[in-house]
Structure formats: C-alpha cells, structure tokens
Amino acid sequence: MTPAPPGGPVRALRATFHAPVASFRDPLFPGVTRVLPVPPPSTVRGLLVAATGAYAEPFVLGMAAWSEGHGTDTETYHPIAADGSNPSAGGRIRAGKGGTTAKDRPFLADVHLTLWLPEPGADGDRFARALRRPRHALRLGRSQDLVHLTGLAHVVLEPAERAVVGHALAPADGHDVPSAHEHRLADTVSADRLTTRWSPYLWCDEPAGAAPVRGAYREAPTSNEDTQAVWLLTP
C-alpha cells in the first residue's frame, strides 16, 4: 500500500454499501476464528472486481467502514483430509477427530462501507455502471455475505491538512490520533492465492473527530474541517 501523494483536486466516484452480516477472518491467526473489525483492502478490491467482471484491476481507492454491532455464530466445518482418508459425500464428511466439527464464528452486523474511486478518464462512469449492474454477486467477506449498493455520487476531493478521521482507513503515518489501532491488512492477493501483500493501517473503533492529517483529502467544495478524511491507497 502506498498513499497517492496529494496534488490538486481529484474527481472521484463515492459509493456507499451496506451488508447485514459480514465476517473478515484474520489470516494471521490460522486455526483461530479471529475476525477483523474492518474489511481489508484486498476484500474491497475483490468486491469491485466482481462488479466489473475483470480478472484483475489495479484499483486506487479510499475507504471508511464501521459496523453497528457484532455477535458469534456456530458453524459446522467439514474439513477434507489432504491424503484422501476422509472423503466428502454430499458435501459432508464423517464425524470424529479431524472430521466434522462445530466452531464459533464471530461476525459483524450492519456493516457500512464508503469507497472513493478516483476518476482518471472514464473510469468513474465505468465503475458506476458496473456497480449498478454487477457481473457477479457483490459480497463482502464470505460467499454468503452479500453487500448492497446504497448510493453513488460524483464528488471532488481536495488536499487536506485537517479533517475528521472518523472510521477511515489510513496508512500508518496518516495521522496521530491516540485512539487509533494499527491493523496489518492484506492489500492484494494474487490470482493463484499464493502471494499476499500486506501493509499496516490505522483504524478507529470509535469515530475520531477532526485532527491534523498527512497525505489526505476531503470532499470539496467546503471550508469545514468536519469533513471526512480520505486517503487514496494504491495496491
């Protein structure tokens, strides 16, 4: 991840989404169903690729996300043995050690996501068309976690030295808000899923107010420092 250096104003497409339920498993904790409180950029880029139908695209994006609640569900797992000793039948395997088992799975409820997509050339219109009529189902996390597009707008982003941090995803040096937590998140995942690129990000569990920011934008035209900060992140 590298934040795009602020220059002059940037035209962008702002897209807002809502997911009734979502779950972002932290792959840095294998064998443990630890859930991230915010979707990784790789998950969001996967959502956009599903909309356009492209094999892969180098999306630059800004994002803010938060959820209204959380809970824990119990899921049944059917792990298939690598040596073929416990094959599946009808999607199920035998119970027992290494077989069918139930595990608790944390989840987020009422997830809200806002994306800002810069508009070089006609990309803004292309993304808008794709999100209105996606090539594939839009999901945020697991295959069953459908996400709904709730709004599209063309906006202008201007460089900012002070703005509301809110629930924006920021690079590790984007601000100095004391309540922010650092999360190591996946930027991109290769098509064969063998290579993942990681970066540290700052994110606030509770919305942070106006603060000095570095390398950020905010929506224009406005002279109000209470406008949401936006960091444009490159893959």
Side-chain angles (χ1 to χ4, degrees), residues 1-4 6 10-19 22-24 26 35-52 57-68 108 110-120 123-124 127-128 130-131 134 138-141 145 147-160 163-175 177 180-189 197-208 211 213-219 227-235:
M1 175 280 305
T2 302
V10 175
R11 286 180 52 82
L13 176 71
R14 179 185 0 105
T16 54
F17 303 86
H18 172 258
S23 179
F24 315 111
D26 191 340
V35 172
L36 295 165
V38 60
S42 61
T43 296
V44 174
R45 290 191 172 99
L47 182 156
L48 295 172
V49 166
T52 64
E57 293 194 55
F59 296 115
V60 175
L61 57 83
M63 60 176 284
W66 62 284
S67 63
E68 296 185 34
L108 304 178
D110 284 324
V111 180
H112 301 269
L113 171 68
T114 302
L115 301 181
W116 290 267
L117 304 169
E119 297 183 327
D123 267 1
F127 279 126
L131 289 170
L138 300 183
R139 299 179 173 93
L140 194 63
D145 294 340
V147 64
H148 309 282
L149 177 70
T150 57
L152 286 173
H154 293 278
V155 300
V156 175
L157 302 177
E158 62 178 13
V164 171
V165 173
H167 291 294
L169 196 65
D173 60 351
H175 59 77
V177 173
H181 297 278
E182 183 172 302
H183 297 277
R184 187 168 176 80
L185 303 176
D187 286 318
T188 57
V189 179
R197 182 179 177 182
W198 306 85
S199 293
Y201 290 95
L202 296 176
W203 186 77
C204 297
D205 295 323
E206 296 295 329
V213 293
R214 295 181 291 274
Y217 293 83
R218 64 182 180 184
E219 288 190 19
T227 303
Q228 171 72 60
V230 179
W231 283 268
L232 297 181
L233 311 171
T234 61

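Sequential numbering from 1 along the given sequence is applied to the chain's residues. Quick caveat: nothing in here was measured; it's all calculated off a predicted structure.
For the atom pair CZ (Phe17) and CG (Leu113), the distance works out to 6.0 Å, reported to the nearest 0.5 Å. Atoms CG and CG, from Leu61 and Leu169 in turn, are 9.0 Å apart once rounded to the nearest 0.5 Å.
Taking all atoms of both residues into account, the shortest heavy-atom contact from Pro41 to Tyr201 is CG-OH, 3.6 Å. Scanning all heavy atoms of the two residues, the minimum distance from Thr227 to Ala163 falls at O-CB, 3.3 Å. Here the shortest heavy-atom pairing between Glu182 and Pro200 reads OE2-CB, 3.6 Å. For Ala22 against Val111, the heavy-atom pair with the smallest separation is CB-CG2, 3.9 Å. Here the closest non-hydrogen pair linking Gly62 and Leu232 is N-CD2, 3.9 Å. Across every non-hydrogen atom of Ala128 and Leu13, the tightest pair is N-CD2, 3.7 Å.
Considering only residues two or more places apart in sequence or on other chains, Glu206 meets the side-chain contact (heavy atoms from CB on, under 4.5 Å) condition with none of them. The ring-ring contact (aromatic ring centres under 6.0 Å, His included) search around Phe59 returns Phe127, not counting sequence neighbours. Every residue meeting the side-chain hydrogen bond (donor to acceptor under 3.5 Å, both in side chains) condition with His181, not counting sequence neighbours, appears here in chain and number order: Asp205. For His167, the side-chain contact (heavy atoms from CB on, under 4.5 Å) partners at least two apart in sequence or on another chain are Trp66, Trp203, Pro207. In this view, His18 and His112 satisfy the ring-ring contact (aromatic ring centres under 6.0 Å, His included) rule, not counting sequence neighbours. Ser23 pairs by the side-chain hydrogen bond (donor to acceptor under 3.5 Å, both in side chains) definition with Arg105, not counting sequence neighbours. Arg139 pairs by the salt bridge (Lys or Arg N to Asp or Glu O under 4.0 Å) definition with nothing, not counting sequence neighbours. For the side-chain hydrogen bond (donor to acceptor under 3.5 Å, both in side chains) test, residues two or more places apart in sequence or in another chain that qualify with Thr52 are Glu57.
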Indicate every side-chain donor-acceptor pair of residues 149-156 with a distance under 3.5 Å to a residue at least two apart or in another chain.
from: Thr150; atom 1: OG1; to: Thr16; atom 2: O; distance (Å): 3.1
from: Thr150; atom 1: OG1; to: Thr16; atom 2: OG1; distance (Å): 2.9
from: His154; atom 1: ND1; to: Glu119; atom 2: OE2; distance (Å): 2.6

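Applying side chain to side chain contact (heavy atoms under 4.5 Å, CB included) to Trp231 and the options Met63, His175, Arg214 leaves one that passes, His175.
Looking at Gln228, its side chain never comes within 3.5 Å of a backbone N or O of Arg218 through a donor-acceptor pair. Put simply, the side chain of Arg45 gets close to the backbone of Asp187: a donor and an acceptor are under 3.5 Å apart.
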Where do Leu48 and Leu131 land on the side chain to side chain contact (heavy atoms under 4.5 Å, CB included) test, with the steps shown first?
CA-CA 8 Å; Leu48 295 172; Leu131 289 170; 4.3 Å; yes

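Using a 4.5 Å heavy-atom threshold, the side chains of Arg197 and Pro235 count as separate.
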